Amino acid sequence: MSDDIFDAIIIGAGPAGIACAYVLAKEGKNVLVIERGYNAGSKNVTGGRVYTYALELVDKGLYCEAALERKVVHEQIMVLDSDRALTIDYHDPSFNEDVPQSYSILRAVFDNWFAGKAEEQGAMFAYGIRVDNLIEQNGKIVGVVAGEDEIYANIVVAADGVNSLTAQKAGLRSDITAGSVGVGIKEIIELPAKVIEERFNLNPNEGAARVILGCTAGMHGGGFIYTNRDSISLGCVFMPEELAKQKTQVHELFQDFKMHPSIYHLIAGGVTTEYSAHLVPEDGWKGVSKRLYREGMLLVGDAAGFVINTGVIIRGIDLAIVSGVAAARAVLRETNSVCVGPAYMEELGRLNLIATMKATQGYSKLLDNSRLYSLYPRLANDIAGQVFGVSGSVPEPLVKGIKRIIKENVTIWQLIKDAWRGYRLI
Amino acid sequence: MTVERMVIEELLSLDKFTIDEDEAHIVLNKSICSQCQEKPCLIVCPAVLYKLKNNEISFDYAGCLECGTCRILCKNKGIVKWEYPRGTFGVTYRFG
């Protein structure tokens with residue numbers, strides 16, 4: 001390691017850290033990204049997808065060369081109950097026009113590509129090195145300790161993900177609590193592109209994103225499917241606090257979900273090639289660190305808590321990239337280290353990140369309703385069964401049948417209360 | 001070959017691990033663990049690395065997916081050390 005002082009040290013080569021490095025290096029800054037994995041992305045997991053606007057923010061047209069899987073033009077919601085499923089599919093070709101809205105990605109592939117682009121801009125990447133500690137002088141963070149090495153910089157950017165042990169060491173946040181994160185489990189299931197396109201009704205290069213309710217044994221959480229080029233990302237997120245109160249091991253719950261008849265027929269004939277797990281912030285704005293900086297240090301991405309889950313879309317990678325760009329702009333703007341943190345907050349505001357987090361803050365409360373995970377999925381499937389069922393006997397009048405089904409599952413009063421609460425929250 | 005229900009050993013065998021033989025990145029204090037009634041680690045670890053043998057927790061850090069779920073659920077702090085593996089060690093995702 002060199003004894004020079006870097007303009008910036010970035011801890012962690014995920015989308016936030018790489019975006020920050022890219023923008024800084026492009027402006028001629030001397031940037032070091034320290035990554036504990038063998039290469040960028042090797043420790044990272046997503047659902048998932050990236051919303052393209054964020055890559056456009058880093059550099060116009062950058063997405064054209066990116067290691068992306070499929071353009072998402074089908075947005076789907078699936079509601080499971082026992083062996084039944086109700087699926088809503090919203091197909092919007094405009095999501096594929098001009099700059100396509102979002103792409104499914106695989107993080108080991110995407111992050112590695114993105115790091116390569118930042119390297120082309122002049123950023124330096126040190127792989128296989130874990131940052132063990134921060135160096136503090138007169139109340140200011142001035143560098144990092146990695147093994148035997150001490151490395152100094154004008155600013156340290158913590159982009160080390162949801163557990164962000166460095167943000168904790170800096171005293172910027174306390175350890176995450178069991179109620180504020182979900183544990184996501186995922187299998188990558190390889191299938192020929194043609195099979196994926198047939199099963200999900202896709203044109204070549206186009207993809208589907210699906211959220212799934214009613215697959216978490218009644219616990220707060222949900223499943224997801226993203227179609228990649230030659231594979232499907234099938235995953236499920238559980239709230240660990242609720243998991244701990246029941247007896248089935250989390251991987252078993254995930255296998256139950258995978259073998260549900262409505263899920264299985266989408267992946268049948270495929271081969272699982274990877275099994276992964278990762279935490280994901282679930283508290284929205286409430287989960288964002290109350291302090292995003294101190295002198296000499298900024299928090300970006302998951303380390304800051306920038307994730308939005310509305311129940312139908314999950315955003316993290318785009319917010320990570322935006323926060324990385326905001327951090328870079330603050331560093332470029334301010335030479336006085338005391339001013340960089342406040343400038344970062346201003347840039348987060350200018351890029352609408354704070355306002356976006358605040359505008360969606362009701363969703364995490366909305367999703368904190370146990371009826372969403374078992375009772376309402378059953379109700380939705382019961383109603384669908386009533387609407388589509390034909391037995392040859394005299395059909396019950398539709399409205400009467402639906403009212404009966406609602407009453408069997410929930411009181412009308414409860415339903416109205418939940419609807420009103422949902423309306424108020426979002 | 002088709003996708004099927006898998007046990008945890010099969011799932012973990014799909015992943016690439018580089019084991020740090022010299023340093024455990026997660027360390028338990030088993031006397032604290034023996035006092036813990038709930039033992040949430042047995043249920044919540046996606047890699048099922050926490051097991052109960054003769055009423056005592058046994059733990060193997062090889063196969064850790066580095067998610068952090070055990071740390072945040074461990075209320076009695078029987079996990080006395082939770083760090084990421086040293087550089088280059090641990091899981092390497094090929095897809096992620």
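Because the structure is a prediction, the values reported are computed rather than measured. A, B, ... follow the sequence lines: proteins, then strands. Residue 1 opens every chain.
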Is [X] in contact with chain B via its backbone, its side chain, both, or neither, using a 4.5 Å heavy-atom distance?
X        : result
A/Ile267 : both
A/Leu243 : both
A/Val181 : side chain
A/Leu279 : both
A/Ile176 : both

Would you say [X] and [Y] make side-chain contact, with heavy atoms under 4.5 Å?
X        : Y        : value
A/Ile225 : A/Leu266 : yes
B/Val3   : A/Val271 : no
A/Ile314 : A/Phe224 : no
B/Leu52  : B/Leu42  : yes

(message) Heavy-atom pairs under 4.5 Å with chain A - which of B/Cys45, B/Pro40, B/Gly68, B/Cys67 has more of them than the others?
(response) B/Cys67
(message) If you count heavy-atom pairs within less than 4.5 Å of chain A, which of B/Gly90, B/Gly87, B/Ala47 leads?
(response) B/Gly87
(message) Report which part of B/Val48 has an atom under 4.5 Å of a heavy atom belonging to chain A: side chain, backbone, both, or neither.
(response) side chain
(message) So for B/Cys41, is it side chain, backbone, both, or neither that comes closer than 4.5 Å to the heavy atoms of chain A?
(response) neither
Are there donor-acceptor atom pairs under 3.5 Å between chain A and chain B, and if so which?
residue	atom	partner	partner atom	Å
A/Arg36	O	B/Thr88	N	2.9
A/Arg36	NH1	B/Glu66	OE1	2.7
A/Arg36	NH2	B/Glu66	OE1	3.1
A/Ser42	O	B/Tyr93	N	2.7
A/Lys43	NZ	B/Glu66	OE1	3.2
A/Lys43	NZ	B/Glu66	OE2	3.0
A/Lys43	NZ	B/Phe89	O	2.8
A/Lys43	NZ	B/Val91	O	2.8
A/Thr46	N	B/Gly96	O	3.1
A/Arg107	N	B/Phe95	O	3.0
A/Arg107	N	B/Gly96	O	3.1
A/Ala108	N	B/Phe95	O	2.9
A/Arg130	NH1	B/Tyr84	O	2.4
A/Asn163	OD1	B/Arg71	NH1	3.0
A/Asn163	OD1	B/Arg71	NH2	2.9
A/Asn163	ND2	B/Cys67	O	3.0
A/Asn163	ND2	B/Tyr84	OH	3.2
A/Asp175	OD1	B/Arg71	NH2	2.8
A/Asp175	OD2	B/Arg71	NE	2.8
A/Gln249	NE2	B/Leu42	O	3.1
A/Val250	N	B/Ile43	O	3.1
A/Glu252	OE1	B/Arg5	NH2	3.0
A/Gln255	OE1	B/Met6	N	2.9
A/Asp256	OD1	B/Arg5	NH1	2.9
A/Asp256	OD1	B/Arg5	NH2	2.8
A/Lys258	NZ	B/Glu4	O	2.7
A/Tyr264	OH	B/Val3	O	2.8
A/Gly269	N	B/Thr2	OG1	2.6
A/Gly270	O	B/Val3	N	2.7
A/Thr273	O	B/Arg94	NH2	2.7
A/Glu274	OE1	B/Phe95	N	3.4
A/Glu274	OE1	B/Gly96	N	2.8
A/Glu274	OE2	B/Arg94	N	2.7
A/Glu274	OE2	B/Phe95	N	3.3
A/Tyr275	N	B/Asp15	OD1	3.1
A/Tyr275	OH	B/Pro46	O	2.6
A/Ala277	N	B/Tyr93	OH	3.4

Heavy-atom closest pair, residues [X] and [Y]:
X        : Y        : result
A/Val183 : B/Pro46  : CG2-CG, 3.9 Å
A/Ala146 : A/Ile129 : CB-CG2, 3.5 Å
B/Leu12  : B/Phe17  : O-CE1, 3.5 Å

(message) Quick check on the interface: out of A/Pro240, A/Ala178, A/Gly147, who has the most heavy-atom pairs with chain B under 4.5 Å?
(response) A/Pro240
(message) At a heavy-atom distance under 4.5 Å, which candidate from A/Gly37, A/Gly48, A/Gly41, A/Ala277 has the highest pair count against chain B?
(response) A/Ala277
Atom [atom1] of [X] and atom [atom2] of [Y]: how far apart are they, to the nearest 0.5 Å?
X        : Y        : atom1 : atom2 : answer
A/Ile185 : A/Leu253 : CD1   : CG    : 8.0 Å
A/Ile151 : A/Ile34  : CD1   : CD1   : 4.0 Å
A/Ile189 : A/Leu234 : CD1   : CG    : 5.0 Å
A/Ile321 : A/Asp318 : CD1   : CG    : 7.0 Å

